[in-house]
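Below you'll find the structure, written out as structure tokens, and then a few comments.
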Amino acid sequence: MGKNDKKGGGDKPAAKGKGGDKDAGGGKAKGAQSINVRHILCEKHAKKEEALARLNEGIKFDEVARNFSEDKARQGGSLGWKSKGSLDPKFEEVAFALEPSTTSSPKIGEAKTGFGYHIIMVEGRK
């Protein structure tokens with residue numbers, strides 16, 4: 001109706017930072033817009049299971065990625081900062097739902113995409 005009904009006036013810094021309800025904003029979850037994400041990609045299910053077993057033994061995520069991942073292995077599985085909409089939708093759904101964690105005690109999620117089986121962890125959100 002009025003001019004002020006548009007969502008998101010570009011000059012409000014209030015949206016930055018932590019705190020605030022996840023579901024504020026008209027029913028749509030207003031989570032992070034970008035994440036610092038690592039993954040371990042395995043073409044075969046058995047290899048993914050083996051990588052998971054290593055993680056469960058307490059081996060660091062980046063170390064397991066170096067040994068098992070078929071993508072970004074030398075970077076310890078790091079994809080760096082990725083914004084919403086730039087990743088495979090199945091991967092993204094899992095990744096954006098994860099809480100940030102560290103490579104030594106990662107909170108992991110799994111996704112299967114056209115690339116194979118992913119074990120995903122997130123190091124940061126913004």
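Counted within 6.0 Å of NZ on K72, heavy atoms from surrounding residues, nucleotides or ligands total 12 or fewer; the atom is thus considered open. At most 12 non-hydrogen atoms from other residues, nucleotides or ligands lie less than 6.0 angstrom from CD of E93. Crowding of K112 atom NZ: a count of heavy atoms from other residues, nucleotides or ligands under 6.0 Å exceeding 12. The number of heavy-atom neighbours closer than 6.0 Å to CD of E57, taken from other residues, nucleotides and ligands shown, is above 12.
In terms of heavy-atom proximity, Q75 sits nearest to R66 at C-NH1, 4.5 Å. Considering every non-hydrogen atom in both A73 and A65, the closest pair reads CB-O, 3.6 Å. Of all heavy-atom pairs between P100 and K107, the closest is O-NZ, 4.4 Å. When all heavy atoms of Y117 and H45 are compared, the closest pair comes out as CE1-N, 3.4 Å. Nearest approach of W81 to S34, heavy atoms of both residues: CZ3-O, 3.7 Å. The shortest heavy-atom contact between A95 and V122 is O-CG2, 3.3 Å.
Note: I108 CD1 to F61 CZ = 7.0 Å, rounded to the nearest 0.5 Å. Atom-to-atom distance recorded for L41:CG and F115:CZ is 8.5 Å, nearest 0.5 angstrom.
Under 4.0 Å is where a charged nitrogen must lie from a carboxylate oxygen, and between E50 and R54 at least one such pair does. Between K48 and E43, no side-chain nitrogen of the basic residue sits less than 4.0 Å from a carboxylate oxygen of the acidic one, so the salt-bridge criterion is not met. Between K82 and E92 there is no salt bridge, since no side-chain N of the basic residue sits under 4.0 Å from a carboxylate O of the acidic one.
Follow the hydrophobic side-chain contacts under 4.5 Å out from I40 and you never reach I120; the two are in separate clusters. Following chains of ILVMFWY side-chain contacts shorter than 4.5 Å, one can reach M121 starting from I119, so the two form part of one hydrophobic cluster.
Under a cutoff of 6.0 Å and an axis angle of 45°, K84 and F96 form a cation-pi pair.
Counting heavy atoms from C-beta on, the side chains of T102 and E123 never come closer than 4.5 Å. The closest side-chain heavy-atom distance from L79 to H39 is below 4.5 Å. The shortest side-chain heavy-atom distance between K126 and I35 does not fall under the 4.5 Å cut-off.
Although no hydrogens or angles enter the test, the distance criterion places a donor-acceptor pair under 3.5 Å between the side chain of R125 and the main chain of L98.
When D88, D71, T113 are each tested for a side-chain hydrogen bond (donor to acceptor under 3.5 Å, both in side chains) with H118, only one passes: T113. Each of S78, S69, P106 was compared with R38 under the side chain to side chain contact (heavy atoms under 4.5 Å, CB included) criterion, and only S78 meets it.
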